[in-house]
Amino acid sequence: MIEKHIVLEDIDPVIFYGVGNGHLQMIRSLFPKLRIMARDNVIRVLGDEEQMAAFEESTEKLRAHVLRFNSLGDEDILDIIKGKRTRDDVPDGVVCYSMSGRPIKARTPNQQQLIEAYNKNDMIFAVGPAGTGKTYLSIALAVKALKDKTAKKIILSRPAVEAGEKLGFLPGDMKEKIDPYLQPLYDALEDMLPQVKLQDMMEKHIIQIAPLAFMRGRTLSDAVVILDEAQNTTPAQIRMFLTRMGWNTKMIITGDMTQIDLPHSQKSGLIEALHILNNVEGIGIVNLDRGDIVRHKLVTRIVNAYEEFDKEYKNNESINKDRL
């Protein structure tokens, strides 16, 4: 009789063990010559050497399945342990899977262009109105890189710019003041990674979320780095950020030109960067529009209404200037 310990790395053990340890009970029944015990993310196995080898192989396949799909069903367990083919081949276009098992992929041609630009370039600008999936899809690409081990860490940043509220009046210390600005990034990550694993990755600094001001002086290597809400950077800030790029790093910069919250006298760094870097080799620029909005249908209508209002306002302003 031999004993081995197997560590379930990179996955949520709750998904592996199943509700009420239902999956674990099924696995035990399929390996009757083994005594299988589990605690946290460690499985302790005692028993027959030949069946132990089969158990180790099956456990690794099950772990890889959970890592890829964020789910595990009874049929998956039976197929994997019996050596049958499962949905191992990810359908074309799927970036990764959400915690509910929903495939995350491009839903519009421009979103697909974003994925292709990411694959071809080391730096990508994704610009478009609210709801076009810029941030969500960018984080999905970063999570995929982490799972595929093509990147060692994910670094997410936003400028802490108020949209009518004052940062200093928020309660708490600096982290508590900054966290509300970074909440959309947390939301996307929580939709793609198990809560326990996400917390562990953040504690180990595998996933880092920080305001833009904290980037000065750093060199960001072996990472996918995302700057969200870049329309609210100053020219000096975005220049500082872009020059943080190190080896084996991809940068994604997202922004919405219709939601600039900087003072009217301050120029958006994103607008300037797009003008300066438009023809630089290795930089991809993707423009999304209202046709790419994938939120509630009212978001599309709201964006359209505001665009019409802006056009009318500019026309009236131009007419008034001519009269003067």
How close do Ala126 and Leu288 get, counting heavy atoms only, and between which atoms? CB-CD1, 4.2 Å
Report the C-alpha separation of Glu9 and Arg63 in whole Å, then their side-chain angles, then the decisive distance to 0.1 Å, and conclude whether the salt bridge (charged side-chain N to carboxylate O under 4.0 Å, His left out) test is met. CA-CA 8 Å; Glu9 295 181 345; Arg63 187 200 67 82; 5.8 Å; no
Evaluate the salt bridge (charged side-chain N to carboxylate O under 4.0 Å, His left out) criterion for residues Asp228 and Arg158: first the C-alpha distance (whole Å), next the side-chain angles of each, then the deciding distance (0.1 Å), finally the verdict. CA-CA 5 Å; Asp228 194 35; Arg158 268 188 165 200; 2.8 Å; yes
In Å and rounded to the nearest 0.5 Å, what is the OG1 to CE distance from Thr233 to Met240? 9.5 Å
Applying a strict under-4.5 Å side-chain criterion to I, L, V, M, F, W and Y, I'd like to know whether Val14 and Met192 cluster together. no
Strictly distance-based, threshold 3.5 Å: is any side-chain N or O of Ser157 a donor or acceptor partner for the main-chain N or O of Ala210? yes
How many angstroms lie between NZ in Lys267 and CD in Glu272, if you round to the nearest 0.5 Å? 4.5 Å
Test item: Met123 and Phe125 side chains (from C-beta on) under 4.5 Å apart, heavy atoms: yes
Mark yes or no for whether Lys4, through its side chain, and Met52, through its backbone, hold a donor-acceptor pair below 3.5 Å. no
Do the side chains of Leu189 and Val143 get nearer than 4.5 Å, heavy atoms only? yes
Do the rings of Tyr306 and Phe309 sit parallel, tilted or perpendicular, given the 30° and 60° boundaries? perpendicular
Glu203 atom CD, over 12 foreign heavy atoms within 6.0 Å: yes
Is there a path from Val224 to Tyr186 through hydrophobic residues (I, L, V, M, F, W, Y) whose side chains come within less than 4.5 Å of each other? yes
Heavy-atom count check: over 12 atoms from other residues, nucleotides or ligands less than 6.0 Å from Lys144 NZ? no
Which heavy atom of Asp256 sits nearest to which heavy atom of Ala130, and what is that distance? OD2-N, 3.3 Å
Would you say Ile2 ends up clustered with Leu34 if hydrophobic residues are merged whenever their side chains have heavy atoms under 4.5 Å apart, either directly or through other cluster members? yes
So Phe55 and Leu30, do their side chains get closer than 4.5 Å, heavy atoms only? no
Any chance CD of Glu49 has more than 12 other-residue heavy atoms, nucleotides or ligands included, within less than 6.0 Å? no
Is it the case that the side chain of His5 and the backbone of Ile43 share a donor-acceptor pair, with hydrogens and angles ignored and the cut-off at 3.5 Å? no
Does Asp122 use its side chain to pair, donor to acceptor, with the backbone of Gly282 at less than 3.5 Å? no
Under 3.5 Å: donor-acceptor pair, side chain of Lys134, backbone of Gly128: yes
For residues Ile238 and Val280: do they belong to one hydrophobic cluster (side chain heavy atoms under 4.5 Å, members Ile, Leu, Val, Met, Phe, Trp, Tyr)? yes
If you define the side chain from C-beta out and look only at heavy atoms, does anything of Gln237 sit under 4.5 Å from Phe241? no
Are any of the side-chain heavy atoms of Asn287 and Asn110 separated by less than 4.5 Å? no
Correct closest heavy-atom pair for Ser268 and Ile260 would be CB-CD1, 4.0 Å
Keeping Asp48 on the side-chain end and Gln51 on the backbone end, is there a donor-acceptor pair under 3.5 Å? yes
Just do the side chain to side chain contact (heavy atoms under 4.5 Å, CB included) check on Gln208 and Arg218 with the steps written out, would you? CA-CA 13 Å; Gln208 304 171 26; Arg218 298 185 64 182; 2.8 Å; yes
Does the pair Lys149 and Asp10 meet the rule for a salt bridge (charged side-chain N to carboxylate O under 4.0 Å, His left out), with working shown? CA-CA 11 Å; Lys149 301 190 184 302; Asp10 302 326; 3.7 Å; yes
Evaluate the side chain to side chain contact (heavy atoms under 4.5 Å, CB included) criterion for residues Leu24 and Ile36: first the C-alpha distance (whole Å), next the side-chain angles of each, then the deciding distance (0.1 Å), finally the verdict. CA-CA 8 Å; Leu24 191 59; Ile36 303 169; 4.1 Å; yes
Do the side chain of Gln111 and the main chain of Thr132 share a donor and acceptor less than 3.5 angstrom apart? yes
Heavy-atom closest contact (Asp40 atom, Pro13 atom, distance): O-CB, 3.5 Å
Quick one, Tyr136 with Asp187, criterion side-chain hydrogen bond (donor to acceptor under 3.5 Å, both in side chains). Give me CA distance, side-chain angles, the key distance, then yes/no. CA-CA 9 Å; Tyr136 191 81; Asp187 292 343; over 6 Å; no
For Arg35, is there any backbone N or O sitting under 3.5 Å from a side-chain donor or acceptor partner on Arg28? no
Of all heavy-atom pairs linking Ala140 and Ile104, the shortest is CB-CG2, 3.8 Å
Quick check: does any side chain N or O of Arg102 sit under 3.5 Å from a backbone N or O of Tyr97, one acting as donor and the other as acceptor? no
Please answer whether the main-chain N or O of Asp222 pairs with a side-chain N or O of Thr249 as donor and acceptor at a distance below 3.5 Å. yes
What about Met99 and Val196, same hydrophobic cluster or not, with Ile/Leu/Val/Met/Phe/Trp/Tyr joined at side-chain heavy-atom distances under 4.5 Å? no
Heavy-atom side-chain contact between Leu274 and Val127 under 4.5 Å: yes
Do Lys105 and Cys96 touch side chain to side chain, with heavy atoms closer than 4.5 Å? no
Go through the steps for Leu72 and His23 under the test side chain to side chain contact (heavy atoms under 4.5 Å, CB included), then give the verdict. CA-CA 8 Å; Leu72 186 66; His23 294 161; 3.9 Å; yes
Could you walk me through whether Ile154 and Ile209 satisfy the side chain to side chain contact (heavy atoms under 4.5 Å, CB included) test, starting with their C-alpha distance in whole Å, then the side-chain angles of each, then the deciding distance to 0.1 Å, before giving a yes or no? CA-CA 8 Å; Ile154 298 173; Ile209 304 180; over 6 Å; no
With a 4.5 Å heavy-atom cut-off, do Leu46 and Met37 have their side chains touching? yes
Approximate separation, where rounding is to 0.5 Å, of Asn41 CG and Ile6 CD1: 12.0 Å
To the nearest 0.5 Å, what is the distance between CG (Asp74) and CE (Met26)? 3.5 Å
Closest non-hydrogen atom pair, Ser138 against Ile252: OG-CG2, 3.3 Å
To the closest 0.5 Å, what do you measure between OG1 (Thr150) and CG (Asn248)? 7.5 Å
To the nearest 0.5 angstrom, please state how far the CD atom of Glu229 sits from the CG atom of Leu227. 9.5 Å
